[in-house]
Amino acid sequence: MKKRGETAISPTREEDYPEWYQQVIKASDLAERSAVRGCMVIRPWGYALWENIMGALDAMFKATGVQNAYFPLFIPLSFLEKEAEHVEGFAKECAVVTHHRLEKGPDGGLVPAGLLQEPLVVRPTSETIIGDSFSRWISSYRDLPILINQWANVVRWELRTRIFLRTSEFLWQEGHTAHASAEEAIERTLLMLDIYARLAEEYLAMPVIKGRKSASERFPGAVDTFSIESMMQDRKALQAGTSHFLGQNFARASGITFQNAEEKEEYAWTTSWGSSTRMIGGLIMTHGDDNGIILPPRVASAHAVLLPIYRSDKEKAEVMTYAGNLARELQDVRYHDAPLRIQIDARDTGGARNWDWIKKGIPLRVEIGPRDITQNAVYLGRRDKGNTDKVSLKREAFIGEVPRILDEIQKNLYERALAYRKAYTITLDDRDGFYAFFTSKNADPPEIHGGFAFSHWCGSQDCEAKIKDDLGVTIRCIPLDAGPENGSCICCGNASTERVVFAKAY
RNA sequence: CGGGGCGUGGCGCAGUCUGGCAGCGCGCCUGCUUUGGGAGCAGGAAGUCGGAGGUUCAAAUCCUCUCGCCCCGACCA
């Protein structure tokens with residue numbers, strides 16, 4: 001690792017973005033690779049972040065009537081087979097449990113024994129097993145809607161993993177609802193999409209585009225898939241949450257029926273929606289800089305760290321008392337209906353201690369030394385500003401101002417990310433310009449290039465596939481807030497009625 | 001799963017071509033001196049050189065096999 005270099009993280013984003021991503025996670029103590037292929041260990045600093053994300057989402061879900069429940073990790077193979085498209089979508093990445101016992105093998109090691117009659121699939125998602133429950137819970141239209149969420153881990157046996165963005169096991173929430181009408185189910189699908197957008201924009205400070213997926217990007221078995229899409233600092237798109245209208249496909253597969261008011265039996269209309277630890281990857285790539293991650297205050301693992309500065313033992317005692325009292329007072333301050341999260345780092349490691357917290361992305365660093373005690377003040381550094389850009393504030397004023405300062409940081413991060421996205425979002429109507437936009441000037445390694453292109457698409461899967469083959473660019477979504485507009489397809493030139501978002505994607 | 005690259009103390013790396021005591025920087029531990037922007041000096045701990053097998057008097061280095069990681073591609077949240 002570079003010491004006393006220009007930046008705390010090496011390489012920089014510019015030099016090697018994927019490697020920067022790995023290094024920044026390592027340097028921030030968010031997570032690390034594990035002994036198990038493709039799986040990660042989420043360390044306390046990262047898990048606290050996830051807990052805050054969970055807390056925010058969970059409250060929003062519950063405010064719309066959703067209840068939490070828990071379903072088994074194991075899914076009978078036969079359940080997965082019930083929905084044809086669904087099987088096809090997930091079959092390749094399923095982990096399968098075939099045995100239930102270990103025995104001593106001939107060479108002293110343990111070998112699986114006790115073959116299961118029916119193999120169990122480790123859930124890649126839970127539509128089928130939850131559908132099984134729904135089929136028994138629902139008999140009348142009076143039982144509907146049913147609005148369930150579970151916080152769980154899922155396993156998808158990925159060929160290529162990237163920490164937080166695509167791991168074989170990941171943590172997520174999956175919501176599953178059943179309704180008496182298609183309209184109500186669609187309304188729920190879009191409502192949950194809105195909640196994901198709110199989480200991203202208000203809590204993670206990540207501007208997103210809400211949209212509908214093209215048929216080829218749809219969830220296996222869904223009638224319609226919606227997503228929120230966000231631009232990372234390498235200008236690739238990251239899908240940070242998805243919401244699916246499943247029509248009656250899964251109801252049919254799982255036998256979820258109800259008797260309507262006219263005494264007729266009908267299949268229910270279902271939805272599912274999910275968001276995962278992948279959002280943490282998005283957070284890192286949206287806000288991180290060459291000195292580490294930058295945590296938005298609303299979800300930050302901690303809001304402020306107090307850094308006592310002292311020479312003698314006598315000074316240390318005084319400074320520690322001052323810091324301890326300050327910490328207690330700060331913990332009584334409410335920030336968005338919760339106490340401030342405060343840490344004290346009393347390590348006697350000089351300036352290196354500062355850099356640790358910069359790399360960890362904590363919003364506020366509060367230095368407290370003898371000088372501050374004399375002046376009844378604190379010396380404040382902000383992660384959204386330069387590392388040496390610090391100000392002295394009177395103690396009482398600081399305590400009163402913290403929520404406002406945190407909100408200002410939150411806003412700055414959002415504005416910065418939005419400005420970045422705007423700078424690399426382009427409306428393109430000519431094919432050559434489109435190809436040039438998505439082609440790097442350097443072949444190996446390619447520099448950071450491209451972005452989001454709003455272009456017309458005729459709706460043909462052939463055009464979509466051609467652009468993907470030629471450029472590695474896909475349709476991220478068909479934006480919901482854009483109205484119809486006549487134009488010609490960026491690929492084939494045929495008539496088109498709307499613009500879609502093209503980008504390279506994670 | 002195909003192509004490329006890389007595995008050497010916690011992190012970053014040199015050493016491999018041309019076999020000969022396992023090294024460097026940072027971090028860590030102890031002591032002293034320091035301290036408002038990555039402190040200095042002295043001492044110290046920490047490695048089955050990814051793993052297995054082979055060649056050799058001798059292997060981090062050569063050969064065979066294998067595992068893992070990273071990048072690109074296909075697939076996916």
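Please read these numbers as outputs of a predicted model, since none were measured by experiment. Throughout, protein chains are lettered first and strands after them, A, B, ... in sequence-line order, and every chain is numbered starting at 1.
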Point to revise | Distance below 4.0 Å between Gln23(A) side-chain N/O and rG12(B) OP1 or OP2 | key: yes

Check your understanding: With rounding to whole Å, what would you report as the distance between rU34(B) and rC41(B) at their C1' atoms?
Key -> 11 Å

Review point. Could you state the CD1-P distance from Ile373(A) to rG36(B), rounded to the nearest angstrom?
Key: 16 Å

Check your understanding: Can a donor-acceptor pair under 3.5 Å be found between the side-chain atoms of Asp372(A) and the base atoms of rG36(B)?
Key -> yes

Check your understanding: Using atom P of each nucleotide, how far apart are rG68(B) and rG51(B) to the nearest Å?
Key -> 15 Å

Review point. Which whole number of Å gives the distance between the P atom of rG54(B) and that of rG47(B)?
Key: 26 Å

Practice item. Report the residue (Ala240(A) or Cys39(A)) whose heavy-atom-nearest nucleotide on RNA chain B is the more 5′ of the two. Key: Cys39(A)

Point to revise | OP1 or OP2 of rC76(B) under 4.0 Å from side-chain N/O of Arg162(A) | key: no

Check your understanding: Do the side-chain N and O atoms of Arg298(A) and Asn52(A) include a donor-acceptor pair separated by under 3.5 angstrom?
Key -> no

Point to revise | rC75(B) to rC1(B) separation - C1' atoms, rounded to the nearest Å | key: 10 Å

Review point. Ile309(A) has an atom CD1; how far is it from atom C1' of rU34(B), in whole Å?
Key: 14 Å

Point to revise | Pairwise C1' distance for rA46(B) and rG23(B), with rounding to whole Å | key: 14 Å

Exercise for review: Please report, rounded to the nearest Å, how far the P atom of rC76(B) is from the CD1 atom of Ile475(A).
Suggested key: 15 Å

Point to revise | Flag, side chain of Thr64(A) to backbone of Phe61(A), donor-acceptor distance under 3.5 Å | key: yes

Review point. When the C1' atoms of rG43(B) and rG38(B) are considered, how many whole Å apart are they?
Key: 23 Å

Review point. How do Tyr310(A) and Gly472(A) order along RNA chain B: which one's closest nucleotide is nearer the 5' end?
Key: Tyr310(A)

Practice item. Report which part of the nucleic acid Asp348(A) touches: base, sugar-phosphate, or nothing (heavy-atom distance under 4.0 Å, all strands). Key: base

Review point. What's the closest nucleotide to the Trp355(A) side chain, out of rG36(B), rG38(B), rA77(B)?
Key: rG38(B)

Point to revise | Rounded interatomic separation in angstrom, taking CG from Leu283(A) and P from rA77(B) | key: 21 Å

Review point. Quick one: do Lys468(A) and Glu464(A) make a salt bridge, cutoff under 4.0 Å?
Key: no

Review point. Would you say rG68(B) has OP1 or OP2 under 4.0 Å from some side-chain N or O of Arg37(A)?
Key: yes

Revision key, fill the gap. Nearest heavy-atom approach of Asp29(A) to Trp45(A) is O-CB, 3.6 Å

Review point. Picking from rA77(B), rC70(B), rC76(B), which would you name as closest to the side chain of Arg166(A)?
Key: rC76(B)

Point to revise | Given rC76(B), rC70(B), rG36(B), the nucleotide with the shortest approach to the side chain of Pro370(A) | key: rG36(B)

Practice item. Under 4.0 Å between any heavy atoms, over every strand shown, what does Glu367(A) touch: base, sugar-phosphate, or nothing? Just pick one. Key: base

Point to revise | Between P of rC76(B) and NZ of Lys236(A), the distance in whole Å | key: 16 Å

Review point. Considering the options Asn387(A), Asp345(A), Leu307(A), Thr388(A), which one meets the side-chain contact (heavy atoms from CB on, under 4.5 Å) requirement together with Asn354(A)?
Key: Leu307(A)

Review point. What does Lys213(A) touch in the nucleic acid at a heavy-atom separation under 4.0 angstrom: a base, only the sugar-phosphate, or nothing?
Key: nothing

Exercise for review: Just name whichever nucleotide pairs with rC13(B), Watson-Crick or G-U, keeping both distances under 3.5 Å, else none.
Suggested key: rG23(B)

Exercise for review: Assign Leu238(A) to base, sugar-phosphate, or nothing according to its heavy-atom contacts below 4.0 angstrom with the strands shown.
Suggested key: nothing

Practice item. Provide, to the nearest angstrom, the distance between the CD1 atom belonging to Ile368(A) and the P atom belonging to rG36(B). Key: 16 Å

Check your understanding: Counting any heavy atom closer than 4.0 Å, what does Gly38(A) reach on the DNA or RNA strands: base, sugar-phosphate only, or nothing?
Key -> sugar-phosphate

**Study point:** Euclidean distance for P, rG9(B) against rA60(B) (whole angstrom)
**Key:** 14 Å

Check your understanding: Counting only side-chain N and O atoms of Arg311(A), is one of them less than 4.0 Å from OP1 or OP2 of rU35(B)?
Key -> yes

Study note, to complete from the structure: Under a 3.5 Å limit on both distances, the Watson-Crick or wobble mate of rC65(B) is rG51(B)

**Study point:** N/O donor-acceptor pair under 3.5 Å between Gln150(A) side chain and Ala152(A) backbone
**Key:** no

**Study point:** For Tyr203(A) against Pro296(A), the heavy-atom pair lying closest together
**Key:** O-CB, 3.6 Å

**Study point:** Ion pair Asp194(A)/Arg198(A), N-O distance below 4.0 Å
**Key:** no

Check your understanding: Are Asp348(A) and Arg353(A) close enough for a salt bridge, meaning some N to O gap below 4.0 Å?
Key -> no

Practice item. Could you work out the separation of rU30(B) and rU16(B) based on their P atoms and round it to a whole Å? Key: 37 Å

Practice item. State the pairing partner of rG31(B); accept Watson-Crick or G-U wobble contacts with both distances under 3.5 Å, and report none otherwise. Key: rC41(B)

Exercise for review: With heavy atoms under 4.0 Å as the rule, sort Ile358(A) into base, sugar-phosphate or nothing.
Suggested key: base

Review point. For rC1(B), which nucleotide is its Watson-Crick or G-U wobble mate, given both distances must be under 3.5 Å?
Key: rG73(B)

Check your understanding: Has Lys26(A) got a side-chain N or O lying under 4.0 Å from the OP1 or OP2 atom of rG12(B)?
Key -> yes

Check your understanding: Without hydrogens or angle criteria, can the side chains of Lys213(A) and His244(A) be said to hold a donor-acceptor pair below 3.5 Å?
Key -> no

Check your understanding: Given atom CD of Gln173(A) and atom C1' of rA77(B), what is their separation to the nearest angstrom?
Key -> 12 Å

N/O to N/O distances under 3.5 Å, protein versus nucleotides 1-4 of chain B:
none

Check your understanding: Does the distance from a Lys or Arg side-chain N to an Asp or Glu carboxylate O, for Lys504(A) and Asp234(A), drop under 4.0 Å?
Key -> no

Exercise for review: Look at the side chain of Glu93(A) and decide which nucleotide, out of rC76(B), rC71(B), rA77(B), has an atom nearest to it.
Suggested key: rC76(B)

Check your understanding: Between Arg347(A) (CZ) and rC29(B) (P), how many Å, whole number?
Key -> 10 Å

Practice item. Mind checking Ser168(A) for me? I need base, sugar-phosphate or nothing, with any heavy atom below 4.0 Å counting as a touch. Key: nothing

